[in-house]
Each structure stands twice: as structure tokens, then as C-alpha cells.
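In what follows, a single structure is set out as C-alpha cells and then discussed.
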Amino acid sequence: MSGSKPFYITTPIYYVNDKPHIGHAYTSLACDVMARFKRLDGFDVKFLTGTDEHGQKVEKSANAKGVDPKTFTDSVSQNFRDLAAFMGYSNDDFIRTTEERHKKACQALWMRLQERGDIYLGGYEGWYAVRDEAFYTEDELEKKPDGTRIAKASGAEVEWVEEPSYFFKLSAYEDKLLKFYDENPNFILPKSRRNEVISFVKGGLQDLSVSRTTFKWGVPVPGDDDHIMYVWMDALTNYITAVGYPDEEAEQYKKYWPADVHMVGKDILRFHAVYWPAFLMAADLPLPKRVFAHGWWTNEGQKISKSLGNVIDPIDLVNKYGLDQVRYFMLREVPFGNDGDFAHSAMVTRMNSELANDLGNLSQRVLSMIVKNCDEAIPAPGAYSEEDQVMIAQAYNLVSGVREKIDVQAFNDAIETIWLVIRAANAYVDKQAPWKLKKEDPDRMATVLYVLAETIRNVALVLQPFMPTSMDKMLGLLEIAPENRNFEACGEAGALMAGTKLEKPEGVFPRFIDHEELEKTYEGKDGTFLIKRALRQNPKNKETVFEIEFKDGKLDELNSADLEKAKEKGALTQV
RNA sequence: GGCUGGAUAGCUCAGCUGGUUAGAGCGCGGCACUCAUAAUGCCGAGGUCGGCAGUUCAAGUCUGCCUCCAGCUACCA
């Protein structure tokens, strides 16, 4: 696994003033899947995430709590580290903008830009809203009867401020940026976002104010203590801080920079696709290879906002549906780059139809047959029929197909590619009907089951980046050793050895069954019991079998139809 | 307002450079099977491919116009 091929992927650094939500989880998830995929594919990966801890809002929040900013950020930054651990992210580093290494990098970059004449001292004046940390133009404001002005967009009160400010000569990079976009058509993905960025740049670029004097919580401008650096200048630099900048001879810097992918939400694309490349051009440093802007989630069709109170907490999601299920859903439901809707019904459909029925049941039916009919061991295959060859070829070609999709961040296409094989495998089981071959032609049965086991192995291998825990379990059921789980083992190279003993399989993906009776307590002549969970449900008549728990902890099963009858007769009453 | 991209089966969407009966998943209906997590497979269901007019032997697939929708339109993370 010693990779000679480096791969560097980053999430944005998350602003600590926010509580971690689904958006943060989503960006990092995409990076995690790419990082895991690349590692399995033999790359030497660095996956970076972290927190952005400077700015006026943070300073204010800290003041409001009566603590110094550093103490405050130590605490809130931890929320993001906790989320990463909770979601199973495999980041190799976690950077904080309050770290000394970062301050050094920012100041070094600043001085470099200044030396090259791309940073100059000027003055900034305008209508400023403290609450928004933003300047507004006259037409973005509304005059109130009392003479004060508020920002139309946010309603925040603004004041006229005049302050000296350093500027970055962004205007000088318009043509260079356009040329770069032109020469690197995949620098910004998806394409639609790329068009937006290009049209923005073509519209003309003004110099950028890159320092502030109105608050203190930031990286000091070298040689001018009255100023701190503008947040984006500070924040974007994290990507090179983490690989050792300003030491351009650092091992990590030489290995990993320029980054392969900066993953960002669509709202911060401009900073990554315009400002950041311009800063790097000015510093004469290599530019990242790709900036991918993904979309946002809605909640049951509703736009998510704090004021609506419908913010989605990824921790709640995982507790309700399961970690791998949530990871799968987020990358499966929507073409990566588009906006998506997080709907409970869609989540349940994906879980049950695709994970439990298609994949989980495939492995369960095949492994059960092997354990029951092949001496609890991987059977020895005979010569392959044409249909066997077609099946096995699909399984063996899977990695390369999935790799193509992953390389352009088409996670949803990657999953679809895998599911084509899973569906083909289920069709193959039915067509070959190994349960009939058991009596008619046991050797043939052995071959079919071997082909299926191989298919499951390959499917599980390529699904590892998406669902690490479940696939660990599935590969474990096949007794695949840890060292045989990277992509070199895909295809014939890692083929299952006949005779390998298998344990009796356990379900990998449980079904999710919704029912209004869940959690209700009933009292009857047998005692008081709680309807604990739904074990299974007949999709035709919607009858459900519940697991019920009596007061003494005894468990039993109860059919929903019987429950209804008992309720009608009055034999049971809800407590 | 300007720019860009959309509008295809009940739902969510594929349909590259124009070419015989327009596809998938989910949902729905029927059949088969019984290995498996009440799972699987097969078959089907008469969608004016937003509207109008063109180009062409031939148009969801190109052109124009129209109607809706979405995103972007700078110093806000």
C-alpha cells in the first residue's frame, strides 16, 4: 500500500460559529469516500479537514460567553472533530486556523504577495453591517424614517465606516484566470458551475479588500499590527499550511501540493475558483487541479434554515437510520453537484429496496446456500458456462467502471454502476436456480455459487469507501483477509479459494419498517407490553409483525392484524 | 433586467455528435420461484418528450419565438 501516487483532497474549513449540520457532513462524506477509494486503489492519500476560527462573529460569540476567543474556539472546534469521528471520516489531518503553523503560512503568503506588488495599502469606505460582517452598496440598503439604514437582504443595521485597508490586485488576474479555466476545462466541476464562474470573471474583477481593522480576532498583517487579514485570505491558505507551507521543501508539500480536489459547497465556489487561484498565481505557486462545488439539501422539500427550525442534524440521522445507510443515501439519492431532498420516505426506500432487498438479501441467500449445501465452505467451481462468464466478467470489470466515475466525483453514477451488477446477480441466481441444481447437478450448483460469491466479493470491495462498516462485515462473511481488501484483489487476482470455511451468514442490512403503533404501550389480560419494533411487514397486505416487550423483559411477536382485532374487542387498551 | 441551464411515464430522473416499436429506478397490475432479510426474477402498464412555427428524407435530439422553473449577477461564511 506504499503509494507512489499521491492524492490530496480537502474539505473547506468549517466556520466554528455554526453548529455542525448535514451540509458539513455531506462535504466531508464526499471527500471521505474519495479518500478511501484512492487509498484502496493504491494512492498515497492526504485527506484534510478542519475549522475556520477567526472573524468578528467568533470574537463576539466568545465575548458574549465571557471567554477569550481561543478558549471559545477550542470548545466549538471540538464539535467538528467529534462529527468527523462519528461519521467515520478518515481524515489524515485536522487543521485549525488558530494554530501557529497556520499563522506562519498566512503571513508568509502575505509577504510574498506584497513583495510582488500585488498587495497595496488603500482605503475602504462604505456602509457596513456589523451583524453581517459585510459592506453594502447604496442600492442594497433601505432608508428608515429615522434616517438609519438597513440592509435589504438581512435587515441588519449599517453604519458608514471609513478604514484603511490593504487590497489585493485581483483586477490584474482576470485574463490569467480566464486563460487558466480555458486550458483546464475540468478545473471547476460541475460544468454548470464552471460557466457561472467564467461569466463572473468575464464581468470584470475589482481589487479585493484583504484586511480589516474593526476587530482583532485574526491573523495580524505582517508589519502592520492595526490590521488583521481578511477571512478568506486567512481561510484559503489552510490548504497549503497543512502540507508545510511556507517550507516549499517540506516532504508533504512536495508530495501533495497541488491538491487534487478541493471539495466545496456551491455557496463558496467563488472564493475557491477565483480568489484562491489568483492568490496562488500571485505567489507563483501551483494551482489545485480541481474545485468541485456540490449542491444543498432540502428537508422534505423545504429549504433548510435556522429560522424555519428544520436544520438536519447528521447525528440524529445516523441514530435513526444507521451510519452506512445515511452515507449511502447522501451519495446515492442525488447526482453529485445537484441539490437534493432529504425525505424520510426516500431514505426508507433506499434502505429497504436497495440495501436490504437487493444487496443484503443477495449476500444472505447466496451465503446461506453455500453454508447449507457446500460443507460450510467456498465450493470449487467447474468450467464456466457462457452465462457464468458474463456474470463474472461484470464483477471483475466493476472496479475500472467505478473508478472512472469516482475520478469525476460522479458518486451516484458509481453506485448505479455497482447496482447494475447486483441486479444482474439476483437475476442470475433465479435463472440458474441453484436450489434445483442441488439435486440435479451438484457440481453445477457449486460453480454457480462460486460465481455468485465472487460477484459479492467484488461488489463488497468497491463499496467499501461508501459503507466501510457494512462492507467490513460482508467481506468478513466471505473470510476475506484484511490484506486482500484493496483493489489489487479485485478480479481474478484475489479470487476466493475453494475450501475456505464460512460461518453461517448474518444479515448485513436490516429493513426499516415504519409503523404508527411503534412505541405504544398496551394493557391486556396477559399483562402490559410495549410495541418495541417492527420485525417484518408483508408488502401486499401491509400486515406487520411487531416485537413486543412485557414488563418483565420477556419478548414476543404480535401480528398487526391480531392487534387490531384485540383492540376492537376491547381485549387490549392503550396505556 | 442581463447571463447560463432546465421543462421527457404517477414520482425522481437517463437519453452522446438528429434515424426502425422513447429508457431506468420507485410506485402500480399480473405471473413465476421458494435459496434468501414477507426477500428475488419475468411480463405489463397507450408518456401530444412545456407550447407554437421552422430546417431536414428523418427531430426529445438542430433553429427561432413564447410560457414556466432554477442558478449566477463580488468583497456574506
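Note that these values count all heavy atoms, side chains included, but never hydrogens, waters or copies made by symmetry. Quick note on labels: first sequence line is chain A, next is B, and so on, each numbered from 1. Source: prediction; values computed, not measured.
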Polar atoms only, N or O, under 3.5 Å: list the protein pairs with nucleotides 35-37 of chain B and their distances.
residue	atom	partner	partner atom	Å
B/C35	O2'	A/Arg365	O	3.4
B/C35	O2	A/Arg365	NE	3.2
B/C35	N3	A/Arg365	NE	3.4
B/C35	N3	A/Arg365	NH2	2.7
B/C35	N4	A/Arg365	NH2	3.1
B/A36	OP1	A/Lys372	NZ	2.4
B/A36	O2'	A/Asn361	OD1	2.5
B/A36	N3	A/Asn361	ND2	3.2
B/A36	N3	A/Arg365	NE	3.2
B/U37	O2	A/Phe509	O	3.4
B/U37	N3	A/Phe509	O	2.6
B/U37	O4	A/Gly360	O	3.4
B/U37	O4	A/Val508	N	3.3
B/U37	O4	A/Phe509	N	3.1
B/U37	O4	A/Phe509	O	3.4

Looking only at atom [atom1], what distance separates [N] and [M], rounded to whole Å?
| N | M | atom1 | result |
| --- | --- | --- | --- |
| B/U12 | B/A59 | C1' | 26 Å |
| B/G27 | B/G41 | P | 12 Å |
| B/G60 | B/U17 | P | 15 Å |
| B/A7 | B/G51 | C1' | 11 Å |
| B/G46 | B/G10 | C1' | 15 Å |
| B/U67 | B/U21 | C1' | 32 Å |

Can you sort out which residues in residues 189-205 of chain A have a heavy atom within less than 4.0 Å of RNA chain B? Ascending by number, please.
A/Arg193, A/Asn195, A/Glu196, A/Phe200, A/Gly204, A/Leu205
Would you call A/Glu517-A/Arg533 a salt bridge at under 4.0 Å N-O?
no
Salt-bridge present (A/Lys57, A/Asp18; N to O < 4.0 Å)
no
Contact list for residues 440-452 of chain A, test salt bridge (Lys or Arg N to Asp or Glu O under 4.0 Å), sequence neighbours left out
A/Asp388-A/Arg444
A/Glu53-A/Thr51 side chain donor-acceptor pair, cut-off 3.5 Å
yes
Quiz question: by atom type and distance under 3.5 Å, do the side chains of A/Thr213 and A/His227 form a donor-acceptor pair?
no
With sequence neighbours excluded, tell me which residues meet ring pair (Phe, Tyr, Trp, His ring centres under 6.0 Å) with A/Tyr428.
none
Could you write out RNA chain B as dot-bracket? Rules: Watson-Crick or G-U wobble, both distances under 3.5 Å, brackets [ ] for crossings, | for pairs with another strand, dot for unpaired.
(((((((..((((.....[...)))).(((((.......))))).....(((((..]....))))))))))))....
Do the two ring centres, one from A/Trp276 and one from A/Phe271, sit under 6.0 Å apart?
no
Establish, yes or no, whether a centroid distance under 6.0 Å links the rings of A/Phe512 and A/Tyr321.
yes
Test item: A/Glu99 side-chain N/O and A/Arg96 main-chain N/O as donor-acceptor pair under 3.5 Å:
yes
Quick check: does any side chain N or O of A/Tyr328 sit under 3.5 Å from a backbone N or O of A/Glu333, one acting as donor and the other as acceptor?
no
For A/Asp358, report the nucleic acid contact type (base, sugar-phosphate, nothing); a contact means any heavy atom under 4.0 Å.
sugar-phosphate
Look at all strands and tell whether A/Asp52 reaches a base, only sugar-phosphate, or nothing, counting heavy atoms closer than 4.0 Å.
sugar-phosphate
Applying side-chain contact (heavy atoms from CB on, under 4.5 Å) to A/Ser165 and not counting sequence neighbours gives A/Tyr124, A/Phe167, A/Ser209, A/Ser211
Side chain of A/Asp267 only, please: which of B/C75, B/A77, B/A38 is the nearest?
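Nearest nucleotide to the side chain: B/A77.
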Select one nucleotide: of B/G41, B/G71, B/A77, the one nearest the side-chain heavy atoms of A/Trp232.
B/A77
Return the 5'-most residue of the pair A/Glu333, A/Ala427 with respect to RNA chain B, ranking by each residue's nearest nucleotide.
A/Glu333
Is there a side-chain contact between A/Tyr14 and A/Thr27 (heavy atoms, below 4.5 Å)?
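Sidechains of A/Thr27 and A/Tyr14: in contact.
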A/Ser353 vs B/C26: side-chain N/O to OP1/OP2 distance below 4.0 Å:
yes
Have a look at B/G60 and give me syn or anti from its glycosidic angle (syn if within 90° of zero).
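In terms of base orientation relative to the sugar, B/G60 is syn.
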